[in-house]
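Written below as structure tokens is the structure these notes are about.
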2 protein chains.
Amino acid sequence: MEEAVESRRIRHRRELHGSIVDEALHQLREGGVSAISLRGIGRSLGMSAPAIYTYFPSLTDLITELIVRCTLSLADALRHALPDSPDSSVERQLRDAPQAYRQWALAHRREFNLIFFDQIIGYSAPESGETVSAQSEMLHVLARPFAELHGYEPADLLSRDDVLDEFLGWWGSFHGLIALEVNHHLDWRNSERIFHRQIEAINGALRGVSGD
Amino acid sequence: MEEAVESRRIRHRRELHGSIVDEALHQLREGGVSAISLRGIGRSLGMSAPAIYTYFPSLTDLITELIVRCTLSLADALRHALPDSPDSSVERQLRDAPQAYRQWALAHRREFNLIFFDQIIGYSAPESGETVSAQSEMLHVLARPFAELHGYEPADLLSRDDVLDEFLGWWGSFHGLIALEVNHHLDWRNSERIFHRQIEAINGALRGVSGD
DNA sequence: TAAAAATAATTAACGGTGTAAGGTTTATCT
DNA sequence: AGATAAACCTTACACCGTTAATTATTTTTA
């Protein structure tokens, strides 16, 4: 029965861990990744900055956790937009997925940039692998309608090189337009119209080219 | 005859200005935008950090100049890949342009991220307009084969809303794949093959859909 | 040419950052 | 209750951008 009770200490630890991440997310949303500071977090939480080192080995590790969380948040948004029930056609899903991706990105610009661009000073690509597996989960959701188009189970998609490449190309195509939009490079135009038009073009090419 | 000679002072000033920018570019290439520091530049150039304020009002302004320079460097790379002589077909140019864009991005990853993503702490989108006009120049070069496809003069492209939107969608489509690649999100795949395949798909859709 | 003005550099200092070291309180386990 | 370990604190170091006050140097003016 000793495992059931959670000691006062580790509950407090868990809660404080969450508070630190929440505050870091708050700072991220306010001023981007460069606005996140351990001292600021400590100030907001009424604790000293070095105390945070009990919870994270470094600022970099805290940011890594943010990346994972934000990636899973995007995955959730996609899941929500692509229900399991097959009552929506593949064509419909192939439009809904990029749409949901875009909606999340525009509502979470700072998080979007955090996920997709290394801007941290000493950050190499795959790190510990936490972020990679989170992104993999996100991609699995995004690929669902795409796999269905070709008649595969979503899990089997990784084993089909050609289809996987086609999916990644499809992903990159709308990702780029969104990346430009998120960073205000299309503010001078009606970016939503451009996006819709391009999705039609890309999905059209999908049907036309896919030679199975 | 007083305007012809360049006084000792302003020549030295011009050279030092260039040295500062060069050193900042060096730091950018080494560790990204967050690795650029006025103190470090001063150290490398054998001068105190506050002395740099004679040349730039703030670090932000120095970075703005870097953005402009890098954008024009990309524009030059595109110009070089798209010669004025019409001996290359439009189809050919529609492949060469994204290709050159990608080559530049992969050879200048830090510069690419600097141009397209706001990560600076207090940076709003258009600022003084220097970066906007540099980007506009780059886009004009990139749009050249695209305008030719539709039979316009490159300069007239801005006046045709529909064609401009189509161009921006086209741009965003390969920009995204490259953005993912630059930031190591496609390291686990043969990204070059994905890119080529997607360019074919996008350009194919271009011809198919464009209803003029 | 000598004085005056403008420019460019200096050092010192303020407030900010991540983080390492050492000491102290506090909760948990034996 | 005493031992142990976790969590927190303060202090300190080495960075950072930026401002202020000062000095040296160059250019301009009288």
Side-chain angles (χ1 to χ4, degrees), chain A residues 1-21 23-24 26-28 30-66 118-123 127, chain B residues 1-21 23-24 26-28 30-66 118-123 127:
Chain A
M1 210 195 261
E2 44 188 316
E3 58 161 55
V5 293
E6 188 185 43
S7 77
R8 202 172 323 191
R9 205 190 227 162
I10 72 167
R11 187 185 62 236
H12 178 249
R13 181 180 176 82
R14 189 173 43 77
E15 290 172 351
L16 198 43
H17 180 103
S19 297
I20 292 171
V21 173
E23 179 59 31
H26 177 73
Q27 294 189 350
L28 171 70
E30 291 298 308
V33 66
S34 58
I36 303 174
S37 88
L38 293 179
R39 294 187 117 108
I41 293 169
R43 226 174 289 129
S44 289
L45 268 52
M47 65 198 290
S48 74
I52 303 177
Y53 281 78
T54 313
Y55 298 87
F56 296 94
S58 74
L59 175 61
T60 299
D61 296 85
L62 170 55
I63 290 176
T64 298
E65 180 147 337
L66 295 189
D118 32 284
Q119 40 208 346
I120 325 300
I121 192 152
Y123 228 61
E127 313 110 28
Chain B
M1 210 198 263
E2 44 188 318
E3 57 162 58
V5 292
E6 188 185 44
S7 78
R8 204 169 326 191
R9 203 187 227 164
I10 73 167
R11 187 186 64 235
H12 178 250
R13 180 178 177 83
R14 188 174 42 75
E15 290 172 351
L16 198 43
H17 180 102
S19 297
I20 292 171
V21 173
E23 179 58 32
H26 177 73
Q27 294 188 351
L28 170 69
E30 291 297 308
V33 66
S34 59
I36 303 173
S37 88
L38 293 180
R39 294 187 116 109
I41 292 169
R43 227 175 289 128
S44 288
L45 267 52
M47 64 198 290
S48 71
I52 302 177
Y53 281 79
T54 313
Y55 299 86
F56 296 93
S58 73
L59 174 62
T60 299
D61 295 86
L62 170 53
I63 291 177
T64 298
E65 180 147 336
L66 294 190
D118 32 284
Q119 40 209 347
I120 326 300
I121 192 152
Y123 227 62
E127 313 110 27

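A note on names: the letters A, B, ... follow the listed sequences, proteins ahead of strands, and every chain is numbered from 1.
Ser37(B) comes within 4.0 angstrom of the backbone, heavy atoms only, and of no base. Using a 4.0 Å heavy-atom criterion, one finds that Ile36(B) contacts the sugar-phosphate atoms exclusively. Counting any heavy atom pair closer than 4.0 Å across all strands shown, Leu16(A) reaches sugar-phosphate atoms only and no base atom. Nucleic acid contact class of Ala51(A) (heavy atoms, under 4.0 Å, all strands): sugar-phosphate only. Using a 4.0 Å heavy-atom distance criterion, Tyr55(A) is classed as a sugar-phosphate-only contact.
Between Tyr53(B) atom OH and dA8(C) atom P the separation is 17 Å, expressed in whole Å. The CZ atom of Arg13(B) sits 16 Å away from the P atom of dA6(C) (whole-angstrom rounding). At whole-Å resolution of the value, CG in Leu45(A) and P in dA7(D) are 15 Å apart. Atoms CZ (Arg14(A)) and P (dA6(D)) sit 19 Å apart, rounded to a whole Å. Between the CG atom of Leu59(A) and the C1' atom of dG16(C) there is a distance of 14 Å, given to the nearest Å. The CD1-P distance, from Ile10(A) to dT26(C), rounds to 21 Å in whole Å. Here the P atom of nucleotide dT10(C) and the CD1 atom of Ile52(B) are 10 Å apart, to the nearest Å. To the nearest angstrom, P of dT11(C) lies 12 Å from CE of Met47(B).
Considering only side-chain N and O atoms, Ser48(B) lies nowhere under 4.0 angstrom from the phosphate OP1 or OP2 of dT11(C).
A donor and an acceptor atom, one from each side chain of Asp61(B) and Ser58(B), are located under 3.5 Å apart.
In this structure, of dT25(D), dT10(C), dA6(D), it is dA6(D) that holds the atom nearest to the side chain of Arg9(A). When each of dG16(C), dC9(D), dA8(C) is scored by its nearest atom to the side-chain atoms of Arg43(A), the top-ranked nucleotide is dG16(C). Closest approach to the Leu38(B) side chain among dG17(D), dA8(C), dT19(C) is made by dG17(D) (side chain taken as heavy atoms from C-beta onward). Listed candidates were dC9(D), dT28(C), dT18(D). Nearest to the side chain of Ser58(B) is dT18(D). Minimum atom distance to the side chain of Ala49(B) is reached by dT18(D), of the listed dA7(D), dT19(C), dT18(D). The side chain of Thr54(A) sits closest to dA7(D) out of dT10(C), dA7(D), dT27(D). When the nucleotides dC8(D), dT11(C), dT11(D) are ranked by their closest atom to the side chain of His12(A), dC8(D) comes out on top.
Contact of the Ile36(B) side chain with the Ile41(B) side chain is registered, since non-hydrogen atoms from C-beta on lie closer than 4.5 Å. Glu23(B) places a side-chain heavy atom less than 4.5 Å from the side chain of Gln27(B). Taking 4.5 Å as the limit, every side-chain heavy atom of Tyr53(A) sits out of range of all side-chain heavy atoms of Leu59(A).
For Glu65(A) against Val21(A), the heavy-atom pair with the smallest separation is OE2-CG2, 3.6 Å.
Each of Leu62(B), Thr64(B), Ile63(B) was compared with Phe56(B) under the side chain to side chain contact (heavy atoms under 4.5 Å, CB included) criterion, and only Leu62(B) meets it.
Side chain Arg39(B) to base dG17(D): a donor-acceptor pair is found below 3.5 Å.
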